[in-house]
Each structure stands twice: as C-alpha cells, then as structure tokens.
Colleague: 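Once you've had a glance at the structure underneath, I'll fire off some questions.
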Amino acid sequence: MTDDAQSVLDAFGSIDALETALTKALPRGCEVANVYVGTGHANVCLGVTDAKALAELRDDVVLNSKFEDALNKRSVSGRVRVDRGAFMECYARTMMRFGKLTPHQREKLEAVRGASVAVLLAPAGGGKTFVAIQRVMEVLHEDPDAKVLFVARNEALALFFCKWLVVASRKSAEHVVARVHVLVAPFSSGPRRVHVEAAGGRRRLVFGNSRVEATTYALIVVDEAHHLVGDSSLRSELAELGAAESSLLFLGDASQATSKISSPEEIARSLVELPQEQDVVVATLSEVVRSTKRIVAGAAAFQLEAGRKAETSTHSASAGPPLVARVFTTSEGDDAGGAYAGEVGEALTAIRRQLVDLEDLDDRVAVVGPDEAFIEKLREPLAHALGGFELVDAATASAVLPRGDTEARAADAKQLLVVDSVDNMDGLERLVVICVGLDQVIDRGAGVLETRSRLYRAMTRAQLAVAVVNEVLPGGWLEFLGRVELDDKKFDDAAESENRAETAADDVVDAVVEETLAPIATHGDATAVSKASAAPARGSDGAQQASPNDAVDAPVAEKAAVDADVATTPSEAEPMKVLQSIWDASAVATASRGDLRFMPFSEGVDLSKLAELRTLQGHSNTVRCGVRCNFVMIWLRRRSMALPCFRTGGASCLRRTTRRSR
C-alpha cells in the first residue's frame with residue numbers, strides 16, 4: 001500500500017486508525033495481523049480463514065476499487081492506493097502455501113486416506129491436486145524414509161506439483177524433492193529425480209537426466225488420469241515399479257477426457273493389474289474452488305454429465321468479470337498468425353480494463369492453443385504484438401520457484417507470459433487465460449470429442465478472467481456466441497443454471513459416437529458410406545487421413561451442399577439473441593443465422609440429433625492449412641431434404657477455414 005504525497009501514517013493519523021480503516025475495508029474472513037509503516041508506504045500482513053475469503057479479497061483489490069475507496073474515505077489525504085502488483089505476488093505464494101481444506105475436501109481426503117487404491121474425481125478446479133498435495137505431505141511426515149512417485153502426462157504439471165509441494169511444506173526445496181520422484185511421458189524413460197538450479201537470478205526445478213534406482217514407493221499419485229486410461233507404456237512401467245504393492249491415488253475428471261470412460265474403477269484397473277477382490281474406493285469432489293462462478297458457468301457449456309456436471313458448485317463467492325469473446329472474420333490471403341496475434345492483444349487489453357490498473361501480469365496470463373503446431377505458428381507474431389512480455393512454455397514457467405517475500409524482480413526483466421497447448425497446460429492454472437483457435441466444425445470425426453474437451457480444459461485453467469479468440473467458424477462449437485448478449489444485471493448463478501441447456505454437449509458427443517458406430521446410407525444411387533469412410537482415421541498430428549472414397553464422394557457431396565444452401569438459405573433478419581450474464585460477446589463479428597449445431601442456452605432449438613441440423617449459409621467448403629487436410633461431405637436423406645455433414649481435418653493449422661460465397 002503506497003501514498004505518493006506523504007507517509008501512510010500521516011495520512012491516517014495513527015497506526016490504530018490505519019488498522020481500523022483496514023478492518024472496515026477487508027471482506028469477512030480476513031483480519032489484520034501486522035502493519036509495517038515506512039516512508040510513503042505500508043506493508044500489511046493479513047490473516048485469512050479460508051479460500052473463499054482469499055478469493056473475495058483478490059476480487060476487491062483487483063477487479064474494482066471498493067477496497068481502495070474504503071481506505072481513502074478514512075484517509076486524511078484521500079490519496080492512498082494499493083500496490084496491486086505486490087498484492088498479486090503475495091497472493092500467488094499464499095495460494096500455494098494455503099493448506100486449509102474446505103469441509104467438503106476434508107471429507108474426501110479422509111475417504112482416500114484409508115484406501116489402498118483410490119480414484120478421486122472432480123470437475124476442473126475442484127481441488128484434486130490440492131487434496132493430493134495434502135495426502136503426500138501426510139505420507140512424507142509420517143515416515144521420514146518414505147518416497148512418493150508423481151505421474152503425469154506432461155512435464156509442466158510434474159514440475160508444478162513439485163513446486164507446489166515445496167511451497168506448501170515450507171521446507172527447503174532440496175529437502176522436499178529428494179523424496180519425490182516424477183514419471184512423465186515418454187513413460188519408458190522411467191522415474192526421475194528433480195533438483196534445484198540457480199539461473200538468471202532465479203531458482204528453478206530441473207529434471208534429472210537418468211532413471212532413478214529401483215525403490216519402493218509409499219504412495220503413487222497419477223494426475224490427469226483420464227488422459228492415461230489404458231496407456232500400455234505407463235501400465236508396463238508401473239508393473240515394473242511394483243505399483244500394485246504401493247498405495248495408489250488416481251485423479252481424474254470425465255469431462256476433461258477426449259473419449260468416454262465407462263467407470264471410475266476402469267481408470268485404476270486399466271493402468272495397474274489389481275486382484276479382482278481389490279476394492280477401488282471412489283471419492284468425488286463437486287465444489288469448484290479455483291475459478292469464478294462465471295467461468296464455471298461458461299465452461300459448463302462444454303462439460304459432460306459424466307463429469308458430475310449437475311452436482312458442480314462454486315465454493316468461492318466470487319462472480320468474477322464477464323467472459324470476453326472475440327470472434328473475427330478474415331479474408332483470403334490474410335496472415336492468420338498476425339490476425340490471431342492482433343486479436344489476442346485486443347483481448348488482453350479488454351481484460352486489463354476488467355483488472356482496474358493491474359499492470360504487473362508477470363506469469364499471470366496463459367495463451368492456450370489447440371496443439372503445439374498451432375502454438376509454434378502463433379509464437380512469433382504474438383511476440384511482436386506483445387513486445388512487453390517474454391513468451392515461455394508451460395514447463396519453463398512451472399519450473400521457476402516463487403520469489404521470497406523480500407525478493408524483487410530485476411528492473412530489466414520482462415514479464416513472463418505462458419504460451420502453450422491445452423495438453424501442456426493440463427492441471428495448471430493462471431489468473432487470466434486466453435483461449436485461442438480452439439474451435440472446430442462439428443461433424444462425425446474424433447476431432448469433435450477432442451475440441452469439446454479442449455474448450456472445457458482451456459477455460460477452466462483460469463482463476464479470474466477468460467477470453468476466447470477465434471476466427472468465425474460456421475458450424476462450430478463457438479458459433480452460439482453470435483446469438484448471445486450480455487445482460488447488465490449482476491450474475492445470478494441460479495438463473496443461469498435454469499437458462500442453460502444442460503445436455504447440449506452430451507447430445508453432440510452422443511450423436512458423434514452413434515453416427516461413427518453405425519453405417520450411413522446415402523441419398524439416391526450413391527454408394528453407401530461405410531463406417532470406415534464415415535469416420536476416417538486421424539494421424540498423430542491430428543489431421544485426418546484420406547478416405548479411399550474421397551475422390552468419389554466429394555463431387556457428389558458438393559452438389560448436395562449447393563442444393564442444401566438453396567433450400568436452407570436463412571432470413572437476413574437479425575436473429576433474436578439470448579440475454580445472459582456470462583459472456584461479453586460485443587466483439588463477436590457476426591450474428592449467426594439459421595440452425596446452430598451447438599447451443600448451450602435454452603432457446604427451443606432441437607440439438608439432440610447432429611444429422612438433422614442444417615448447414616449454415618456461407619459454410620466453408622475448402623480447408624487450407626500447413627498439414628494435409630481432407631474435406632469429406634456425406635449427405636443423408638432426412639425428411640425429404642438433403643442434409644450435408646462436414647468433416648474437416650488439420651487440427652494444427654492456424655487457418656482452419658476460408659470462406660467462398662456461392
């Protein structure tokens with residue numbers, strides 16, 4: 001807290017008056033512990049009772065000037081201001097040191113503590129990893145010789161887990177990481193140690209180069225296990241480590257998975273060979289403690305019922321700012337990377353306005369794209385557009401240990417900004433997340449399931465603010481943003497729940513699965529499309545492989561698409577928009593007309609059958625990207641109307657589509 005004109009003490013007259021002013025301004029659950037007054041500034045140490053109080057304090061300081069205004073009303077000079085950058089630095093450390101579980105979390109920790117094999121389920125932001133941290137600290141405290149193995153698909157999450165454990169334990173980093181080994185993909189490389197290095201004035205966690213010697217683990221934690229179900233490489237490695245003899249804790253969420261999971265028990269048994277009589281305890285967290293209510297409500301559009309969507313609640317009382325949507329149009333020949341970079345800059349500007357005058361965004365913003373190929377093409381134009389930041393990947397940011405209470409950033413150091421793929425951001429979080437280029441046309445391909453998962457996972461990485469940036473994509477998941485309008489009223493969780501089409505995402509996913517499994521008959525004399533051609537395989541880079549029938553199907557399908565456009569040309573009248581208090585869609589370039597393939601708000605549109613949805617006017621009929629893409633259209637006979645269904649590949653391209661008017 002600073003005052004540019006005079007000392008803070010003079011501004012309030014006495015320390016007692018300052019403490020009184022602070023007490024009046026603080027939200028319930030926060031209290032003044034100590035005040036250290038200097039010339040022109042005061043450092044205030046606060047006691048916080050729970051995560052809810054901490055979130056309220058964060059919002060009071062960062063989102064609006066209520067806290068600052070309350071202090072100025074009691075100040076003689078009326079010129080006191082809060083150093084929001086210093087506050088957020090302290091907030092980040094406090095979040096990792098905070099060890100007080102909610103009553104709900106304590107109940108679930110108790111359930112997994114007594115189990116030899118446990119699966120802890122929770123929606124994104126529900127505190128799975130936080131509960132696992134508490135369990136690991138218990139194990140390390142109970143036995144000074146115990147060792148723990150942490151398993152994750154991505155390196156960034158493994159480094160973040162170790163960093164969180166170091167900060168939460170309040171012991172030296174060297175002491176903690178000596179007893180925690182990590183296993184990341186490729187799993188055949190085996191467990192490794194993590195050690196601490198000093199570089200560039202900061203301490204960082206670094207993976208060891210060699211496999212650790214064989215040891216017995218008291219506890220093995222497998223995080224983001226929904227992505228690892230049936231992974232043969234991991235199963236083989238865990239068998240070699242004798243995992244069945246250790247206590248096992250699997251952390252997962254069906255809504256984040258890219259394929260359907262039959263049961264929670266399947267997660268454990270698919271990775272470790274357990275005796276049939278072995279009980280697998282399943283515990284479910286339903287409170288979201290990381291994200292604001294608006295983020296949870298916005299992400300719920302892409303959440304599945306299998307992820308306990310109906311039971312998800314927000315522990316934090318914070319409504320948070322509206323989610324920012326920037327959906328833009330481009331022309332043939334435009335630089336896709338430059339266009340996306342410019343829109344990300346505009347989104348960041350919009351979020352800065354929401355965060356009052358928080359200029360210091362060092363390691364508080366993540367730009368999240370669909371895959372590493374997309375990110376690679378975005379990185380250079382984004383670095384040019386955001387010159388004040390140093391762009392780093394998730395692993396680099398996760399490796400950096402927090403500064404000490406008295407340690408300041410170098411004057412010439414740039415602020416870190418994380419730019420990485422959804423996969424590499426799994427399990428991580430940032431104050432602000434900008435979701436870039438994640439949309440895809442809803443078709444019958446496996447990419448539809450992946451896209452839904454990516455949208456949900458990317459949005460729920462955010463603690464406070466979310467922006468979605470995408471090129472206009474008719475027939476995509478985000479097209480509904482052209483049909484919503486922000487209501488000026490305050491966010492009402494109950495009202496938004498009633499306004500939500502709860503099964504919208506499930507209906508799309510179920511339709512894709514059903515249509516992929518069933519043969520499809522075509523109209524007229526066209527050859528029936530087999531299951532194999534209806535759902536062409538995807539290569540390792542996400543692009544769909546060519547169907548042997550492409551050469552035959554495409555010309556017929558193009559004619560069907562032209563006929564369908566004539567039959568289904570929508571009215572030019574501006575469509576009605578759904579009033580809601582989640583999304584600020586004022587920067588969405590076009591208002592969609594006609595039927596939507598996905599609409600998460602109730603507006604009387606039947607979205608239960610993917611095949612019955614008509615294509616929109618102006619739907620792209622070509623795909624241009626840096627990797628091989630296919631465009632296959634399959635038309636069906638439904639209610640005497642030819643209905644084209646589109647499939648696009650090339651999930652890693654910056655330019656997903658180009659439009660051509662007919």
Colleague: Which atom pair, heavy atoms only, marks the closest approach of Ser581 to Lys489?
Modeller: CB-O, 4.2 Å

Colleague: Checking side chain to side chain contact (heavy atoms under 4.5 Å, CB included) for the pair Met95/Phe98: CA distance, chi angles, key distance, verdict?
Modeller: CA-CA 5 Å; Met95 283 289 290; Phe98 204 79; 5.8 Å; no

Colleague: How many angstroms lie between atom OG1 of Thr102 and atom CG of Asp50, to the nearest 0.5 angstrom?
Modeller: 9.0 Å

Colleague: If you measure from CD on Glu376 to OG on Ser421, what distance do you get to the nearest 0.5 Å?
Modeller: 11.5 Å

Colleague: Going through the distances and angles, do Leu478 and Leu473 end up as a side chain to side chain contact (heavy atoms under 4.5 Å, CB included)?
Modeller: CA-CA 8 Å; Leu478 297 179; Leu473 190 58; over 6 Å; no

Colleague: Quick one: closest heavy-atom pair of Leu71 and Ala25, and the distance?
Modeller: CD2-CB, 4.3 Å

Colleague: Taking all non-hydrogen atoms of both residues, which atom of Arg452 and which atom of Ala254 are closest, and how far apart?
Modeller: NH2-O, 4.4 Å

Colleague: Short question: side chain of Asn72, backbone of Val80 - any donor-acceptor pair under 3.5 Å?
Modeller: yes

Colleague: So Asp59 and Phe67, side chain to side chain contact (heavy atoms under 4.5 Å, CB included) or not? Walk me through it.
Modeller: CA-CA 9 Å; Asp59 290 3; Phe67 181 76; over 6 Å; no

Colleague: Kindly say whether Tyr456 contributes a backbone atom to a donor-acceptor pair with the side chain of Thr460 at under 3.5 angstrom?
Modeller: yes

Colleague: So, the side chain of Trp164 versus the backbone of Met96: is there a donor-acceptor pair under 3.5 Å, distance only?
Modeller: yes

Colleague: Are Leu464 and Leu63 close enough that some pair of their side-chain heavy atoms sits under 4.5 Å apart?
Modeller: yes

Colleague: Between the side chain of Arg326 and the main-chain N/O of Ala587, is any donor-acceptor distance below 3.5 Å?
Modeller: no

Colleague: If you define the side chain from C-beta out and look only at heavy atoms, does anything of Asp223 sit under 4.5 Å from Thr129?
Modeller: yes

Colleague: Are Arg294 and Pro321 side-chain neighbours, meaning at least one heavy-atom pair lies under 4.5 Å?
Modeller: no

Colleague: Would you find a donor on one side and an acceptor on the other, under 3.5 Å apart, between the side chain of Thr292 and the backbone of Ile295?
Modeller: yes

Colleague: Look at the side chain of Arg74 and the backbone N and O of Ala21, then say whether any donor-acceptor pair between them is shorter than 3.5 Å.
Modeller: no

Colleague: Does CD belonging to Glu429 count more than 12 external heavy atoms closer than 6.0 Å?
Modeller: yes

Colleague: Check Trp583 against Gly298 and note the closest heavy-atom contact, atom names and distance.
Modeller: NE1-CA, 4.4 Å

Colleague: Quick one: closest heavy-atom pair of Leu101 and Gln105, and the distance?
Modeller: CA-OE1, 3.5 Å

Colleague: Is it the case that the side chain of Asp60 and the backbone of Leu26 share a donor-acceptor pair, with hydrogens and angles ignored and the cut-off at 3.5 Å?
Modeller: no

Colleague: What distance separates Leu449 CG from Gln440 CD, expressed to the nearest 0.5 Å?
Modeller: 10.0 Å

Colleague: Would you compute the distance between atom CD of Glu471 and atom CD of Glu343 and round it to the nearest 0.5 angstrom?
Modeller: 10.5 Å

Colleague: Has the side chain of Arg202 got a donor or acceptor atom that lies under 3.5 Å from a matching backbone atom of Leu401?
Modeller: yes

Colleague: Within the structure provided, determine whether Arg379 and Val419 are in side-chain contact (heavy-atom separation under 4.5 Å).
Modeller: yes

Colleague: Just so I know, are the side chains of Leu382 and Phe389 near enough to count as touching, which here means a heavy-atom distance under 4.5 Å?
Modeller: no

Colleague: Quick one: are Phe328 and Val469 in side-chain contact, heavy atoms under 4.5 Å?
Modeller: yes

Colleague: Are Leu323 and Met459 close enough, and set up right, to give a side chain to side chain contact (heavy atoms under 4.5 Å, CB included), and what steps lead you there?
Modeller: CA-CA 10 Å; Leu323 281 57; Met459 291 175 62; 3.5 Å; yes

Colleague: Is there side-chain contact between Arg84 and Val61, with at least one heavy-atom pair below 4.5 Å?
Modeller: yes

Colleague: For Ser398 and Ala156, indicate whether the former's side chain and the latter's backbone hold a donor-acceptor pair under 3.5 Å.
Modeller: yes

Colleague: Rounded to the nearest 0.5 Å, what separates atom CG in Asp83 from atom CG in Asp360?
Modeller: 8.5 Å

Colleague: Taking only residues two or more places apart in sequence, or in another chain, which ones meet Arg430 in a salt bridge (Lys or Arg N to Asp or Glu O under 4.0 Å)?
Modeller: Asp363

Colleague: Less than 4.5 Å apart, any side-chain heavy atom of Leu46 and any of Thr94?
Modeller: no

Colleague: For Leu416, does its backbone N or O pair with a side-chain atom of Asp362 as donor and acceptor, under 3.5 Å?
Modeller: yes

Colleague: List in chain and number order the residues that pass salt bridge (Lys or Arg N to Asp or Glu O under 4.0 Å) with Asp426, two or more places apart in sequence or in another chain; answer none if no residue qualifies.
Modeller: Arg153, Arg457

Colleague: Distance only, no hydrogens: is a donor on one side chain within 3.5 Å (strictly under) of an acceptor on the other, for Asp584 and Ser586?
Modeller: yes

Colleague: So, for Pro402 and Val167, which heavy atoms are closest and what is the spacing to 0.1 Å?
Modeller: CG-CG2, 3.6 Å

Colleague: From Asp492 CG over to Lys293 NZ, what is the distance, rounded to the nearest 0.5 angstrom?
Modeller: 9.0 Å

